[in-house]
**Q** 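Here it is, the structure, as C-alpha cells.
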Amino acid sequence: SRRRCCLFLAGSFISSVIASISFVLVVHSLPDKTKDATEWEERLREENINSSTFSIDGNYSLVSYDENYSDYLSAVGVPWIALPIILAASESMEVKLLENGADTKTITGWMNTVMKYDFNKTFSMEYGQGMGTLWNTCVLLQQNVINCKSEEREKGWNLNTTQTFSPGGMVEVRHFLGKNIRAKKYFKKITKHKDETPEKSTLALPEATTLSSKQEKDDFFLLDGWG
C-alpha cells in the first residue's frame with residue numbers, strides 16, 4: 001500500500017508537470033499582431049499628410065503593434081506567462097472629443113476603462129487591482145493629437161502617451177521614460193463621424209477634471225489607460 005501511494009503521488013506529480021509544460025507551450029504559441037505594423041505605420045502616416053480637417057470621434061480597434069510593445073508591457077509589470085495572452089487579445093477604444101477634454105472607453109479581454117477628463121488638468125486613476133495610482137495630465141497638441149504625461153509616484157515611473165488620429169485610424173506611442181522603452185500600437189477606425197465616409201481597409205483586421213475615471217477589472221496584471 002505504501003508503494004501504491006508513492007506511485008500515485010509520483011504519477012500525480014508527473015501529470016502536473018506535463019500539464020504545466022503543455023499550458024506554457026500553448027500560451028506561447030498564440031499569435032501576436034506585429035505582422036502588419038509597417039503597413040499600418042505607412043498607411044496612417046500617409047493619411048495624416050493628405051487629410052484635411054476631420055473628427056476624431058468614433059470607435060477604434062487594435063490591429064497591430066510593433067516589436068517593442070512586449071518589452072513595454074514587461075516594464076510595467078506584466079508577468080512573462082501572461083504576455084502572449086495579452087498580445088493576442090483584442091482591444092477596442094471609443095473616443096469622443098469634448099469642448100475642453102475627452103471621453104474615452106477602452107475595452108480589452110481583461111479590463112474595461114472609462115475616462116472623462118479635462119485637458120491641462122491633472123487627474124488620478126487606479127490601475128490593476130490595487131497595484132497603484134497614476135497621476136495624469138493630458139493636452140490637445142493639435143486637433144488630432146492628444147498627449148498624456150503619467151506619473152506613478154510610488155514606483156517613480158514617468159510615462160508618456162501620444163495618440164495621433166487620422167481619418168482611418170490612430171497611432172498610439174507609449175514611452176517609458178525611465179527605461180527608455182518606446183512602443184507603438186495601431187488602431188483602425190471602425191465607425192466614423194456622421195459627416196465622414198467609411199472606407200474599406202485593404203489590410204486584414206485581427207479577430208478578435210478628471211470628471212470621472214472608472215475601471216471594471218477582470219484581472220490584475222495590465223497597466224491600462226494612458227500608461
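Just so you know, these numbers use all the heavy atoms, side chains as well, and skip hydrogens, waters and symmetry mates.
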**Q** Using side-chain heavy atoms (C-beta onward) and a distance below 4.5 Å, is W157 in contact with V76?
**A**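 The answer is yes, as the side chains (C-beta and beyond) meet within the 4.5 Å cut-off.
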**Q** Could you tell me whether K96 atom NZ has more than 12 heavy atoms of other residues or ligands within 6.0 Å of it?
**A**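 No, not enclosed.
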**Q** Closest approach of L73 and I86, non-hydrogen atoms and distance?
**A**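 Residues L73 and I86, closest heavy atoms: CD1-CG2, 3.8 Å.
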**Q** I'd like to know if the side chain of K105 reaches the main chain of M93, judged simply by a donor and an acceptor atom lying under 3.5 Å from each other, with no hydrogens or angles considered.
**A**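 A pair under 3.5 Å: no.
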**Q** Would you check if E154 and E152 make a side-chain contact, meaning some heavy-atom pair closer than 4.5 Å?
**A**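 Contact flag for E154/E152 side chains = yes.
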**Q** Could you tell me whether the side chain of V95 reaches within less than 4.5 Å of the side chain of M170, counting heavy atoms only?
**A**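 Side-chain contact under 4.5 Å: no.
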**Q** With a 4.0 Å cut-off, would you call E41 and R45 a salt bridge?
**A**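 Result for this pair is yes, salt bridge flagged.
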**Q** Using a 4.5 Å cut-off on heavy atoms from C-beta on, say whether the side chain of Y117 contacts that of L98.
**A**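 They are not in side-chain contact.
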**Q** Is any side-chain heavy atom of W135 less than 4.5 Å from a side-chain heavy atom of K149?
**A**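 W135 vs K149: side chains apart.
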**Q** A side-chain contact here means heavy atoms from C-beta on lying under 4.5 Å apart; do E47 and K189 qualify?
**A**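 No, their side chains stay 4.5 Å or more apart.
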**Q** Can a donor-acceptor pair be found, under 3.5 Å and without considering hydrogens, that links the side chain of N144 to the backbone of F165?
**A**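 Here the side-chain-to-backbone pair exists.
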**Q** Kindly say whether S64 contributes a backbone atom to a donor-acceptor pair with the side chain of K35 at under 3.5 angstrom?
**A**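 Judged by distance alone, no pair lies under 3.5 Å.
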**Q** Just by distance, with hydrogens left out, do S92 and S61 show a side-chain donor and acceptor under 3.5 Å apart?
**A**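 Side-chain D/A pair, S92 to S61: absent.
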**Q** With heavy-atom distances below 4.5 Å as the criterion, would you say the side chains of M115 and F123 are in contact?
**A**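 SC-SC contact between M115 and F123 confirmed.
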**Q** Would you mind reporting whether E91 and F187 have side-chain heavy atoms less than 4.5 Å apart?
**A**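 Yes, side chains in contact.
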